[in-house]
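Presented below is the structure to which this report refers.
Since we're looking at a predicted model, the values are computed, not measured. Reckoned from all heavy atoms, side chains included, excluding hydrogens, waters and symmetry mates. Chain identifiers are assigned alphabetically (A, B, ...) following the order of the sequence lines, protein sequences preceding nucleic acid strands; residue numbering begins at 1 within each chain.
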Number of protein chains: 2
Amino acid sequence: METEREPEQRTFTEIARRQQIVGAAIDTIAEVGYAQASLARIAARIGISKGVISYHFTGKDDLIKQVVVDVIEAGRAYILPRVFAESTGPARIRAYIESNLAFMREHRNYMVAIVEILRNGAFTADGGRRVDGRDIDVATRLLKEELARLQAKGELRGDFDPGAMAVAIRAAIDVVPHRLVLDPDFEIGKYGNEIANIFDRATRSDDTQ
Amino acid sequence: METEREPEQRTFTEIARRQQIVGAAIDTIAEVGYAQASLARIAARIGISKGVISYHFTGKDDLIKQVVVDVIEAGRAYILPRVFAESTGPARIRAYIESNLAFMREHRNYMVAIVEILRNGAFTADGGRRVDGRDIDVATRLLKEELARLQAKGELRGDFDPGAMAVAIRAAIDVVPHRLVLDPDFEIGKYGNEIANIFDRATRSDDTQ
DNA sequence: AGGTTAGCTGGTCGATCGGTCAAATATTTG
DNA sequence: CAAATATTTGACCGATCGACCAGCTAACCT
């Protein structure tokens with residue numbers, strides 16, 4: 001079965017077609033939600049038959065996993081350089097929040113799609129997850145570790161729980177795609193600055209104020 | 001059609017049956033997610049036929065609306081007295097956050113169900129919403145108004161945007177039901193205290209520290 | 001007791017789902 | 001050019017959905 005072929009063995013056509021299908025899946029999920037994003041709709045968006053999706057992916061789960069991998073990788077490639085360009089704790093947190101929001105502004109559908117998948121993926125009738133929630137939620141875990149590291153170095157106040165702080169920061173970021181749906185005039189940039197201020201005040205050591 | 005009957009004209013049996021069905025809907029949505037919460041599953045949970053749901057509600061939308069109404073009312077009845085029992089701005093915000101989290105601990109399925117409905121309700125193929133997103137999101141609007149009021153009275157610092165602050169606070173609260181699914185050991189009480197601290201530091205006037 | 005209404009059962013309907021696959025077309029290889 | 005392989009089409013499958021309804025049972029009223 002061609003879809004089982006190692007990535008390095010894939011033809012140019014296959015790689016291009018897979019990327020096209022993943023892009024269509026992202027846009028469809030962002031537009032109509034995960035539950036309504038059927039293989040028929042995804043295929044129709046790019047003018048192919050459903051069978052093409054079955055040919056290139058082992059199933060809908062396989063396609064969704066690829067969507068998640070691609071979006072996470074794009075986000076990491078965008079955000080990490082901006083975070084590590086800063087040298088102090090408070091500056092890194094601000095860069096983390098603002099670059100997440102900037103990435104959302106430039107790739108709105110990416111974020112809507114992945115938040116949709118995460119929400120829906122957490123629930124399935126058989127108790128399993130379409131995409132393992134813990135793997136997707138790697139962002140919260142990495143942020144928690146970074147916050148703990150910055151606390152240990154004295155760059156942030158030492159009296160908050162980095163796990164709870166990471167959850168709150170991610171929640172304030174991840175709410176944005178849905179906010180955009182409810183309110184198209186939602187100002188991402190202003191909001192990003194506001195929540196960067198909130199978490200700056202909440203985490204900054206007193207002696208750096 | 002009996003379902004169109006004004007609430008005050010409903011028989012005792014009808015009122016009891018509707019409440020039972022709403023409770024089954026909440027538990028089903030909380031357990032398997034909105035998309036999988038079919039009328040068949042809801043009916044099976046309480047050992048009735050699907051037709052009974054159609055008899056008592058004009059459709060699935062009607063049932064979901066009733067779920068939302070009941071959950072919001074239960075939340076308000078729980079939270080508002082606890083918030084208004086406090087007299088200062090910072091204390092009210094802390095009470096708001098901690099009573100929301102306490103309500104979640106005691107009514108976990110209520111919150112999972114409503115967050116599920118809100119997420120799914122925001123997206124439908126026809127562009128309409130199962131339950132109008134703005135109406136459900138009344139909590140964010142009311143919180144924004146209360147924050148603005150407290151700012152105007154000088155009880156909170158005057159330099160943050162109450163709209164952004166309300167969105168961030170609600171996001172940190174609303175993430176909890178999904179957190180519980182991903183991590184059954186998630187400590188709601190500790191988290192509630194931590195985010196109450198975060199938003200206390202972010203909103204408190206300097207002269208009350 | 002009989003008539004009326006409320007409440008319910010269990011089946012049917014058209015629509016849509018994800019997945020499958022025979023056959024056709026396109027591309028590549030010798 | 002023919003053969004082999006890759007890619008695609010479009011129909012079919014069983015399952016499930018929400019909505020609907022004929023007919024039955026229970027409860028109420030005269």
From [atom1] of [X] over to [atom2] of [N], roughly how many Å is that when rounded to an integer?
{"X": "B/Phe12", "N": "D/dC28", "atom1": "CZ", "atom2": "P", "value": "12 Å"}
{"X": "A/Glu14", "N": "D/dT5", "atom1": "CD", "atom2": "C1'", "value": "13 Å"}
{"X": "B/Arg18", "N": "C/dA6", "atom1": "CZ", "atom2": "C1'", "value": "15 Å"}
{"X": "B/Asp62", "N": "D/dG18", "atom1": "CG", "atom2": "P", "value": "14 Å"}
{"X": "A/Ile46", "N": "D/dT7", "atom1": "CD1", "atom2": "P", "value": "15 Å"}
{"X": "A/Gln36", "N": "D/dT16", "atom1": "CD", "atom2": "C1'", "value": "14 Å"}
{"X": "B/Ile48", "N": "C/dG7", "atom1": "CD1", "atom2": "P", "value": "13 Å"}
{"X": "B/Ile53", "N": "C/dT9", "atom1": "CD1", "atom2": "C1'", "value": "13 Å"}

Do the side-chain N or O atoms of [X] get closer than 4.0 angstrom to the phosphate oxygens (OP1, OP2) of [N]?
{"X": "B/Arg17", "N": "C/dA6", "answer": "no"}
{"X": "A/Tyr55", "N": "D/dT7", "answer": "yes"}
{"X": "A/Ser54", "N": "C/dG19", "answer": "no"}
{"X": "A/His56", "N": "D/dA6", "answer": "no"}
{"X": "B/Thr11", "N": "C/dA6", "answer": "no"}
{"X": "A/Arg41", "N": "C/dT16", "answer": "no"}

Touch class at under 4.0 angstrom, heavy-atom based, for B/Ser38 against every strand present: sugar-phosphate

Lys/Arg-Asp/Glu bridge criterion (N-O < 4.0 Å) met for A/Glu145, A/Arg141: yes

Test item: A/Glu194 side-chain N/O and B/Asp161 main-chain N/O as donor-acceptor pair under 3.5 Å: yes

Main-chain N/O of A/Tyr96 paired with A/Asn100 side-chain donor or acceptor, under 3.5 Å: yes

B/Lys50 side chain, from C-beta outward: closest of D/dT9, D/dA19, C/dG19: D/dA19

Candidates C/dG19, D/dT9, C/dT9 - which lies nearest the side chain of A/Lys60: C/dG19

Pairwise 5' ranking along DNA chain C for A/Leu39 and A/Gly51, keeping only the more 5' one: A/Leu39

Plane angle bin for A/Phe186 and A/Tyr191 - parallel if under 30°, tilted between 30 and 60°, otherwise perpendicular: tilted

Salt bridge (Lys or Arg N to Asp or Glu O under 4.0 Å): pairs with one or both residues in residues 96-106 of chain A, sequence neighbours excluded: A/Arg94-A/Glu98

